[in-house]
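Scroll down for the structure; my scribbles are underneath it.
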Amino acid sequence: MTTFLIPAYNEEKRIGKTLNELSYAFPDSEIIVVFDGNDHTPEVVKKFPRAKLISYGRRLGKGKAVIEGLKKARPGEIVILIDADMPVSAEDIMKAIKSLSSADLLFASRLYVNLPKSRLILHDMFNSLAKIFFPQLRRFRDWQSGFKIMRTDSANKVADELILNDFIFDTNLVYSFIRMGFKVIEYPVLWHHEESESKVSQNLFKIILMDFFSLVKLRVYYSPFKIVLKTRTFL
């Protein structure tokens with residue numbers, strides 16, 4: 001059984017096309033949309049009978065949205081985490097599912113089609129910094145994409161370690177899988193970046209600063225000298 005999980009913060013302009021493609025290409029799969037924004041995304045989602053809407057009246061952040069979605073997913077073999085704009089093709093998703101094989105987590109290594117050069121430079125700088133903080137990531141090229149396939153039982157086991165809800169959630173997730181001894185693989189896919197509605201590009205410098213502090217926080221959390229974090233981090 002396959003579940004698609006889509007965190008959706010103000011995605012009314014992009015999510016309709018994604019739900020249409022997923023409904024057609026994966027007719028037997030469950031689709032869960034976790035909405036924590038303030039636009040008309042719910043009205044768009046409700047037009048698709050197979051999409052299950054989970055709506056919150058407050059901002060959750062990506063990490064918390066994923067966790068809440070996992071709680072509502074029906075028991076099954078895999079959960080596919082994907083961005084609301086579906087930057088990968090249905091064909092590549094099908095190939096990635098087959099490539100999961102005996103792994104617990106597969107994440108997309110993005111081969112960008114149209115990413116602005118400034119974003120690509122910042123992406124490489126972030127990866128270099130993250131690999132200094134977390135040497136276990138050095139064998140990977142790119143782990144921050146919004147396309148990941150997880151075995152449901154493995155994802156539930158790492159859920160308690162997912163303390164970040166901002167854009168560093170992906171680093172938190174991948175590192176947690178590695179730390180717990182699960183098999184993690186990287187899978188290259190063509191990535192169709194949509195700049196016009198990109199929330200990263202709209203708040204680029206703010207996000208750069210937040211990402212740095214979140215990396216530090218995550219490193220402290222996994223430090224043997226850490227102060228126990230009793231609540232989840234909301235940024």
Side-chain angles (χ1 to χ4, degrees), residues 2-27 29-70 72-73 79-94 96-97 107-116 118-120 122-123 142-150 165-170 173 189-204 206-207 210-211 235:
T2 301
T3 296
F4 283 91
L5 177 54
I6 308 174
Y9 174 70
N10 294 347
E11 295 287 358
E12 63 177 285
K13 295 180 181 180
R14 307 196 290 181
I15 200 167
K17 179 176 178 291
T18 295
L19 294 177
N20 185 60
E21 290 188 24
L22 291 179
S23 298
Y24 176 78
F26 303 91
S29 296
E30 177 184 43
I31 303 173
I32 296 178
V33 178
V34 183
F35 172 70
D36 62 342
N38 51 19
D39 71 349
H40 298 290
T41 297
E43 286 83 347
V44 178
V45 175
K46 289 175 183 177
K47 295 178 182 178
F48 297 87
R50 289 189 45 247
K52 179 179 180 181
L53 175 67
I54 303 173
S55 186
Y56 289 84
R58 59 185 176 86
R59 184 76 170 106
L60 298 178
K62 181 178 180 180
K64 183 65 173 176
V66 171
I67 291 172
E68 292 303 311
L70 284 171
K72 301 297 192 300
V79 172
I80 301 175
L81 177 62
I82 192 167
D83 289 340
D85 62 336
M86 193 172 165
V88 298
S89 68
E91 182 180 2
D92 279 339
I93 293 175
M94 293 177 186
I97 292 173
F107 58 86
S109 177
R110 295 167 287 190
L111 304 175
Y112 288 107
V113 175
N114 52 354
L115 186 72
S118 59
R119 285 284 305 275
L120 186 59
L122 290 171
H123 166 269
D142 176 29
W143 59 89
Q144 279 287 112
S145 76
F147 173 48
K148 294 178 172 65
I149 306 178
M150 306 173 282
N165 297 320
D166 57 9
F167 290 102
I168 306 303
F169 165 78
D170 296 281
L173 176 69
V189 297
L190 287 178
W191 195 268
H192 299 274
H193 174 74
E194 188 175 328
E195 181 67 13
S196 61
E197 297 295 327
S198 172
K199 295 178 177 62
V200 174
S201 295
Q202 292 171 6
N203 302 279
L204 189 57
K206 178 182 177 181
I207 288 174
M210 290 172 60
D211 285 356
L235 293 176

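Every heavy atom of this structure was used, including side-chain atoms; hydrogens, water molecules and symmetry mates were not.
Residues forming a ring-ring contact (aromatic ring centres under 6.0 Å, His included) with Phe169 (at least two apart in sequence, or on another chain): none. Taking the salt bridge (Lys or Arg N to Asp or Glu O under 4.0 Å) definition, one finds that Asp92 meets it with nothing, sequence neighbours left out. The ring-ring contact (aromatic ring centres under 6.0 Å, His included) test applied to His192 returns no partner, not counting sequence neighbours. Residues satisfying the side chain to side chain contact (heavy atoms under 4.5 Å, CB included) criterion with Glu21, sequence neighbours excluded, are Lys17, Met86. Residues satisfying the ring-ring contact (aromatic ring centres under 6.0 Å, His included) test with Phe35, not counting sequence neighbours, are none. Listed by chain and number, the residues in a side-chain hydrogen bond (donor to acceptor under 3.5 Å, both in side chains) with Ser109 are Arg141, Glu186 (sequence neighbours excluded). By the salt bridge (Lys or Arg N to Asp or Glu O under 4.0 Å) test, Asp83 is found to be paired with no residue, residues two or more places apart in sequence or in another chain being considered. Glu43 is linked by a salt bridge (Lys or Arg N to Asp or Glu O under 4.0 Å) to nothing, counting only residues two or more places apart in sequence or in another chain. Here Asn20 pairs with nothing under the side-chain hydrogen bond (donor to acceptor under 3.5 Å, both in side chains) rule; sequence neighbours left out. For Asp170, the side-chain hydrogen bond (donor to acceptor under 3.5 Å, both in side chains) test picks out Lys62, Lys148, with sequence neighbours left out. Scanning for side chain to side chain contact (heavy atoms under 4.5 Å, CB included) contacts around Ala73 gives Thr3, Glu30, Ile32, with sequence neighbours left out. Looking at residues two or more places apart in sequence or on another chain, you find a ring-ring contact (aromatic ring centres under 6.0 Å, His included) between Phe26 and Phe4.
Rounded to the nearest 0.5 angstrom, Ile93 CD1 and Ser29 OG are separated by 9.5 Å. Atoms OG1 and CG, on Thr2 and Leu22 in that order, are 11.5 Å from each other to the nearest 0.5 Å. Interatomic distance, Leu190 CG to Leu111 CG, rounded to the nearest 0.5 Å: 6.0 Å.
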